[in-house]
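For reference, the structure discussed in these notes is given below.
Scope of the values below: all heavy atoms of this structure, side chains included, with no hydrogens, waters or symmetry mates.
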Amino acid sequence: MGEPLSTIYALYFQIRIVNALLLGIIWFLYLKNKRLPFEKGNFFTAILVSSTSNVICDFAITYNLYTQGDSSGIIREILYRLFMITICLSMYFVHMHIEALCNKYDKSHRRNNLIISLPLMAAVAGGIFAPIEISAGENGVYSYGTVVNLEYVTMGIYFFLSVIFLFLNHKRLKKKKTANIAMGLGVWAGFGIIQILNPSLLLSSTGIIILELMNFLNFEDSKVYINYENGCFNSMAYRKMLSSYFNENRKFYVAQISFHEFHIVHGKYGHDICQKILRDIGNIVEDTLGLKVYSVEEEVIGIIIDKNNYDEEAVRNLANKIEYGFTFNASVIHVTGTIDMIYCPDEAESVPELEDIFSFMQRYRDRQQSFYRYDKNMYKEKERYSDILRILDNAINNDGFYMVYQPIYSVKKGDFHSAEALIRLKDNRTIGFISPEEFIPIAEKEGLIMKIGEIALSKVCEFSQRANLIGRGIEYIEINLSAVQCIDQGLARQIKDTVYKYGLPYNFLNLEITETAATSSGNMLNRNVEALRDMGASFSMDDFGTGYSNLAQMVDIQYELIKIDKSLIWCCYPEQRKKILMKTETEEKRDASITKSVAVLTKIIELINDLKLKIVAEGVETKEMVDALSEKGVDYLQGYYFSKPLAEEEFLNFLESAE
């Protein structure tokens, strides 16, 4: 081998080393951070893989030339053919990457995608079967023939397709991205022209790598998609990935895993421990399903599963694995998760709709199971929820509520000295009668309860003043406060202004607070109670026996009345017992249970009496109950034995007849 030719081959080798270094830098920068599996990322990965294969072939050709000189051989021919095929592959993926960057690639458009791939197919077929000639001369070794011509034509087609596509869709990209792509295509075109004018230089690989580098600059910083506190992708990545799936008309499942005890863990151990737990659970999900994990909210993580990869049994098994115990300072923190699953686009056609359904599932389900699939029944529940919400909105704005009053009987006085005011919706045609037990929780969750509470209070005060209930012997009216009202800073002012407006004494109101609300409302409730008590209002603990039965709360808040829930009373009577247990008991077991229930009820009444508090028994339906409860020391009785809740005129008529 002559010295000049050897020098040329050494120069080839140096250029290939530079190519490899550039490609290695791109690989390193691309892989060092977690990335979202967008199509544009998939195509860029394909460019890197095909370019790497091309560089390997290029190295092998250069090494073969350097060691074998101008002698031909089957190995050199195979390497040249592979070189041609991989460089055409790279240019095809460059074009597809540009399509994906402009959000114009659609996997479902198979016909269009097939047409675009036809030049590549021809180039691959030619690279395998078409004739190729390899020539050595003073300036080096170069190839020519049908294979090379197909390579030039194919790369030219994809180059011009890319230029035309970029020109037509440049408004979909930021100016910087458009400039980077245009510059990369221009550099590659320059190297291609040099390659055509001097076939022995083999610079087309270098042009592709520089084009890759310019395209790489178009990637958004992957760090903006990472939640570095727990190592998962963040909510922005989650929504962007979902948007990508919807835009591509893909069929997929979305699961959100919410953790029940996180608010307790956060309050006791702090934010950092919660994030450590999420990191561990995220690793469990990734190891079990092999999927990307997204931190949607502080106590919710999400996963996206392509329909073809969905395995419901694996997801259900995951539900069993996310009962997690985390050891911290010799304490074991136990958290359990619930998986909510939605199939898209059949059940949700956009990101906002998907988020709306998940929000409904998380707040409306009883969370007793570990896995929920959004189905027809849940769809009906959601539709009913939405209907009720619309009815509530309309009722607030168009006087759509009315009040009913259930009389309360005084055992000592032998008359009806008070009543409980209960709110009802006037609209019973749209979806039928809606119980307050159903619409009040919805009003609380949707932030409507304070307005509804204000409406209820105004109606009670207006009716009490207009009908002169005090003159009719009514000492006070009981009004329910929801858990949300209990912790509202404006509650005391709202009640004070309304009662003053109608000229009623403040002690005419007795405010009912459920024991569950009292236990969970904290210091704000205590401040509200203190402010209202200073005005003269009194308080009842409502539904005693259904929540935590927190006896300390009875003392701390200083209730005047304790209302024993009907569930405690009905357990003591065979017919009523059937209504709440909803199951069949043997006579022997029923009698034994009733004996125990009576003993419990008796002790509760004795305890409350010992605390010098008045007792109201709810759900009184028979003369037997009246006699037994009166004998045990209950002060007041309320229930259908005396009267159902009555509208205003009916209530007034009832009071007149009771006299």
Notebook entry, point to check: Is there side-chain contact between M361 and T338, with at least one heavy-atom pair below 4.5 Å?
Noted result: no
Check: What pairs with E355 under side-chain contact (heavy atoms from CB on, under 4.5 Å), at least two apart in sequence or on another chain?
Finding: R239, V351
Margin query: Using every non-hydrogen atom in the two residues, find where Y294 and I303 come nearest and quote the distance to one decimal.
Written below: CD1-CA, 4.4 Å
Next item on the list: Evaluate side-chain contact (heavy atoms from CB on, under 4.5 Å) for F252 paired with C344, printing each intermediate quantity in order.
Entry: CA-CA 5 Å; F252 59 101; C344 302; 3.5 Å; yes
Notebook entry, point to check: Would I284 and T288 count as a side-chain contact (heavy atoms from CB on, under 4.5 Å) if you check the C-alpha gap in whole Å, the side-chain angles of each, and the deciding distance to 0.1 Å?
Noted result: CA-CA 6 Å; I284 292 172; T288 304; 4.0 Å; yes
Next item on the list: Just jot down the side-chain contact (heavy atoms from CB on, under 4.5 Å) partners of D375, sequence neighbours excluded, or say none.
Entry: N377, M378
Check: salt bridge (Lys or Arg N to Asp or Glu O under 4.0 Å) with D356: which residues, sequence neighbours excluded?
Finding: K382
Notebook entry, point to check: Can you name the side-chain contact (heavy atoms from CB on, under 4.5 Å) partners of R172, sequence neighbours left out?
Noted result: C102, N103, K104, N169
Margin query: Taking atom CE as the centre, does M183 end up with more than 12 heavy-atom neighbours from other residues, nucleotides or ligands that are less than 6.0 angstrom away?
Written below: no
Check: Can you check whether E353 reaches F246 side chain to side chain, under 4.5 Å on heavy atoms?
Finding: no
Next item on the list: Would you mind checking if K276 and D272 are paired as a salt bridge, meaning a charged N to carboxylate O distance below 4.0 Å?
Entry: no
Next item on the list: Please report the shortest heavy-atom distance between A348 and I342, naming the atom on each side.
Entry: CB-CG2, 4.4 Å
Check: Are the side chains of L166 and L173 in touch, meaning some heavy atoms are under 4.5 Å apart?
Finding: yes
Next item on the list: State which residues pass salt bridge (Lys or Arg N to Asp or Glu O under 4.0 Å) with E312; sequence neighbours excluded, sorted by chain then number.
Entry: R316, R373
Margin query: Tell me whether I75 at atom CD1 has more than 12 heavy atoms from other residues, nucleotides or ligands lying less than 6.0 Å away.
Written below: no
Notebook entry, point to check: Among all residues two or more places apart in sequence or in another chain, which pass the ring pair (Phe, Tyr, Trp, His ring centres under 6.0 Å) test with Y310?
Noted result: Y253
Next item on the list: Could you list the residues that satisfy salt bridge (Lys or Arg N to Asp or Glu O under 4.0 Å) with D393, not counting sequence neighbours?
Entry: none
Margin query: How close do D306 and Y245 get, counting heavy atoms only, and between which atoms?
Written below: OD1-CE2, 4.4 Å
Checklist line | Those residues that, when tested against E347, pass side-chain hydrogen bond (donor to acceptor under 3.5 Å, both in side chains) (two or more places apart) | finding: none
Notebook entry, point to check: Does some side-chain heavy atom of Y238 sit less than 4.5 Å from a side-chain heavy atom of V254?
Noted result: yes
Next item on the list: Classify the angle between the aromatic ring planes of F165 and H95 as parallel (below 30°), tilted (30 to 60°) or perpendicular (above 60°).
Entry: perpendicular
Next item on the list: Using side-chain hydrogen bond (donor to acceptor under 3.5 Å, both in side chains) as the criterion, list what pairs up with T86, not counting sequence neighbours.
Entry: N54
Notebook entry, point to check: Does D346 have any side-chain contact (heavy atoms from CB on, under 4.5 Å) partners at least two apart in sequence or in another chain, and if so, which?
Noted result: K251, Y343
Margin query: Would you compute the distance between atom CG of L82 and atom CD1 of I128 and round it to the nearest 0.5 angstrom?
Written below: 9.0 Å
Next item on the list: Give, for atom CZ of F43 and atom OG1 of T45, the distance between the pair rounded to the nearest 0.5 Å.
Entry: 10.5 Å
Next item on the list: Applying salt bridge (Lys or Arg N to Asp or Glu O under 4.0 Å), name anything that partners E77, two or more places apart in sequence or on another chain.
Entry: R81
Notebook entry, point to check: Can you find a heavy atom in the side chain of S244 that is under 4.5 Å from one in the side chain of K240?
Noted result: no
Check: Looking at OG1 of T154 and CD1 of I87, how far apart are the two atoms once the value is rounded to the nearest 0.5 Å?
Finding: 11.5 Å
Check: What distance do Q256 atom CD and I304 atom CD1 have between them, rounded to the nearest 0.5 Å?
Finding: 10.0 Å
Next item on the list: Would you check if the distance from the ring center of Y158 to the ring center of Y92 is below 6.0 Å?
Entry: yes
Check: How would you list, by chain and number, every residue that makes a side-chain hydrogen bond (donor to acceptor under 3.5 Å, both in side chains) with N234, sequence neighbours excluded?
Finding: none
